[in-house]
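Counting starts at 1 for both ligands and their atoms, in listed order.
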Amino acid sequence: MPRSTKSRTKFIFFTGGVVSSLGKGIAAASLGMLLKERGFRVTIMKLDPYINVDPGTMSPFQHGEVYVTDDGAETDLDLGHYERFLDISMGRLNNATTGQIYETVIARERTGDYLGGTVQVIPHITDEIKRRISAVAKSGKGWDIVLAEIGGTVGDIEGQPFLEALRQMGLELGSRNVAYIHLTLVPFIATSGEIKTKPTQHSVKELREIGIQPDVLLCRTQHRLTQELKRKIGMFCSVHHNAVIEAIDVDSIYEVPLNLEKEGLTDIILRRFNLKCSRPDLRIWRETLDRMRKPSHHVKIAVCGKYTVLHDAYKSIMEAFVHAGIENDAGVELKWVDSEKVTDENAGQMLKGVSGLLIPGGFGDRGIEGKISAIRYVREQGIPFFGICLGLHCAVIEFARHVIGLKGADSSEFNPRTRHPVIDLLPEQKKLRKKGGTMRLGAQPCHIQPGSLAYKIYGRELINERHRHRYEFNNLYRERFEEAGMRFGGLSPDHKLVEMIEMPDHPWFIGGQFHPELKSRFTKSHPLFREFVRAALDYQARMSEPDQQVA
Ligand code: GLN
């Protein structure tokens with residue numbers, strides 16, 4: 001740790017007030033990145049007060065994307081922000097839920113660990129919360145600073161044990177080692193033309209009733225906060241006005257760290273912890289942001305899925321396109337296409353003006369036929385195609401039906417009685433009954449076939465990508481697919497599982513059984529997304545050539 005007084009881990013706790021969705025995850029990721037750039041070893045964790053053991057069993061409509069870590073945990077989508085901002089890989093420990101905490105405590109009660117005692121929220125549940133936070137601090141080679149974000153807002157009943165645990169940690173570790181940051185909303189009331197501080201006062205009051213005095217207030221606001229207003233908020237909330245930080249609305253989440261740095265957030269935290277270090281080197285971040293703001297090219301790519309109205313379900317995919325656009329000096333505009341509305345007849349119309357099609361992951365049979373129609377269209381038209389997990393499944397079904405001629409070919413996920421289950425349950429999935437955490441999850445090695453497009457993109461033979469699925473390409477059909485012109489660009493090292501497909505006689509057609517979007521970073525785009533966007537730009541350029549226009 002750069003010139004600290006003591007080498008024990010420091011903790012920064014993020015709570016939220018007034019309303020949810022203020023961007024606590026982005027704020028935590030931003031501060032994490034700023035501290036990392038100052039040379040500290042930083043990690044972040046998310047504490048989720050819901051009772052599900054993990055979000056893996058929740059619908060994307062409820063929860064948004066399920067973010068899968070290398071070690072196979074199904075976690076909150078905020079972990080995606082942490083990884084993208086800090087450029088580090090998170091694991092199972094970085095997300096804890098009420099469900100997991102109770103599961104552990106109840107299991108210990110059953111083994112007799114508390115014999116004779118009454119098991120209670122305080123101290124048993126709060127102790128388990130504290131144990132999990134400390135476990136993160138000690139994980140790996142140990143961390144200088146651990147940031148922990150509590151889901152929900154102050155005042156939520158289910159959040160109370162977490163806040164109590166954080167209060168206790170402050171008491172036990174002392175103010176040199178623990179800081180509390182409260183993210184709040186300072187709304188602008190258009191009818192009176194005023195910025196209102198009362199909601200912030202109320203949420204801080206609520207926090208103080210629990211026994212937590214925030215050290216910093218991050219105030220989400222549409223308008224600049226004057227010094228006078230900061231003083232007012234500070235006075236009512238017992239926070240120094242310098243620690244009342246303006247978190248103004250921005251166009252891109254990647255601007256947030258720079259704004260927070262300008263507002264002096266990192267210095268406030270470092271002073272509190274009595275840590276000294278040099279200024280951060282944010283040059284690469286700034287340059288990346290500049291390139292993002294002023295792209296020389298633009299390209300439109302269709303994303304065809306069933307959660308098109310709920311973009312949180314495809315959070316990592318959207319971000320991966322931002323990163324890929326930056327590396328191609330292009331702004332990528334996504335056209336959301338509702339798969340339930342696409343047919344063979346209207347696919348051309350629905351995909352008009354797009355230079356690429358991405359089919360994301362998903363579950364269940366809704367909208368599948370529309371996805372297959374969309375894939376048929378781009379395959380026949382030579383438009384770049386990228387299929388992720390379920391997207392690969394749909395591409396395999398489309399190829400089976402229309403190229404090989406296997407009538408009624410399907411995935412046994414969508415039609416268990418199909419004559420041609422070209423996609424079928426993984427053998428080890430067949431005997432599983434439990435739903436939670438039982439998919440093929442996390443990082444899996446994949447062997448890239450030399451000479452394939454995949455090899456050209458990755459530039460190496462062994463890759464590691466994250467998975468989340470139960471179904472796979474059915475090996476009984478491998479030969480027929482290869483004979484008909486499909487190439488298996490990536491296989492599991494034992495060659496038993498098809499991990500990537502491609503079509504050598506198409507300009508750019510790739511499907512991956514894994515989720516590459518989970519490994520794309522702001523300053524380091526994922527190669528598959530980068531090359532997909534490049535292929536889309538090439539396609540667009542080809543289409544604008546004069547002879548193409550006449551045709
Ligand atoms: N539903 C498919 C499966 O379970 C695909 C999953 C996914 O797209 N992540 O295999």
Side-chain angles (χ1 to χ4, degrees), residues 54-61 63-70 72-75 77 80 303-308 310 312-318 320 339-340 357-372 374-375 385-398 400 409-416 418 421-444 446 465-475 477 490 492 496-501 510-520 526 528-529:
D54 61 44
T57 53
M58 280 187 233
S59 152
F61 284 118
H63 184 270
E65 167 183 277
V66 173
Y67 193 78
V68 181
T69 53
D70 276 336
E74 296 177 283
T75 72
L77 56 76
V303 178
C304 179
K306 70 176 174 186
Y307 306 111
T308 44
L310 185 93
D312 261 7
Y314 303 121
K315 193 97 220 153
S316 293
I317 286 180
M318 291 166 68
S339 51
E340 288 188 273
L357 168 70
L358 178 132
I359 307 270
F363 294 82
D365 62 355
R366 200 146 59 82
I368 292 298
E369 293 304 320
K371 291 177 191 177
I372 292 170
I375 296 171
F385 169 76
F386 188 12
I388 294 179
C389 202
L390 186 95
L392 174 147
H393 296 178
C394 293
V396 165
I397 298 167
E398 194 280 321
D410 218 325
S411 161
S412 48
E413 177 180 9
F414 318 136
N415 176 9
T418 173
V422 286
I423 301 291
D424 200 7
L425 260 187
L426 282 156
E428 70 267 23
Q429 289 284 330
K430 294 202 169 142
K431 41 191 180 306
L432 291 176
R433 289 289 163 268
K434 278 194 183 165
K435 286 274 181 271
T438 55
M439 285 189 236
R440 180 172 180 239
L441 287 166
Q444 310 283 344
C446 166
E465 295 283 4
R466 299 183 193 169
H467 293 242
R468 181 173 187 250
H469 62 117
R470 297 187 198 280
Y471 294 82
E472 260 288 337
F473 185 90
N474 184 344
N475 286 329
Y477 291 89
S492 57
K496 283 197 178 141
L497 301 175
V498 169
E499 306 285 36
M500 292 188 81
I501 60 163
I510 283 207
Q513 186 52 76
F514 45 78
H515 291 269
E517 70 275 21
L518 303 177
K519 287 178 77 169
S520 184
H526 190 286
L528 281 172
F529 276 88

By the definition side-chain hydrogen bond (donor to acceptor under 3.5 Å, both in side chains), identify the one residue from His469, Glu428, Gln429 that meets it with Arg440. His469
Checking Thr438 against Arg470: is there a side-chain donor and acceptor pair closer than 3.5 Å? yes
Any non-hydrogen side-chain atom of Glu465 less than 4.5 Å from a side-chain atom of Glu499? no
His515 heavy atoms within 4.0 Å reach ligand 1 at atoms 9 (N)
Of all the non-hydrogen atoms in the protein, which one sits nearest to atom 10 (O) of ligand 1, and at what distance? Tyr471 N, 2.8 Å
Residue Lys430 excluded, over 12 heavy atoms near NZ under 6.0 Å: yes
Supply the atom-to-atom distance Ile359 CD1 to Ile375 CD1, rounded to the nearest 0.5 angstrom. 4.5 Å
If you measure from each non-hydrogen atom of Met439 to ligand 1, which part falls under 4.0 Å: side chain, backbone, both or neither? neither
Can you tell which part of Glu472 has a heavy atom less than 4.0 Å from ligand 1: side chain, backbone, both or neither? neither
Just wondering, do His467 and Val68 contact through their side chains at under 4.5 Å, heavy atoms? no
Glu413 and Ile423, any side-chain heavy atoms less than 4.5 Å apart: no
Distance from atom 5 (C) of ligand 1 to nearest protein heavy atom, with residue and atom: Gly362 O, 3.3 Å
Answer whether the closest heavy-atom distance between the side chains of Tyr477 and Asp424 falls below 4.5 Å. no
Polar contacts were defined as any N/O atom of the residue lying under 3.5 Å from an N/O atom of the ligand; does this apply to Ile388 and ligand 1? no
Could an N or O of ligand 1 be found under 3.5 Å from any N or O of Arg470, whether backbone or side chain? yes
the protein heavy atom lying closest to atom 7 (C) of ligand 1 turns out to be Cys389 SG, 2.9 Å
Gly361 neighbourhood, listing ligand 1 atoms whose heavy-atom distance to it stays under 4.0 Å: 8 (O)
Does His467 come within less than 4.0 angstrom of ligand 1, counting non-hydrogen atoms of the residue? no
Does any N or O of ligand 1 fall below 3.5 Å from an N or O anywhere on Glu413, backbone included? yes
How far is atom 9 (N) of ligand 1 from its nearest protein heavy atom, and which residue and atom name does that atom have? Arg468 O, 2.8 Å
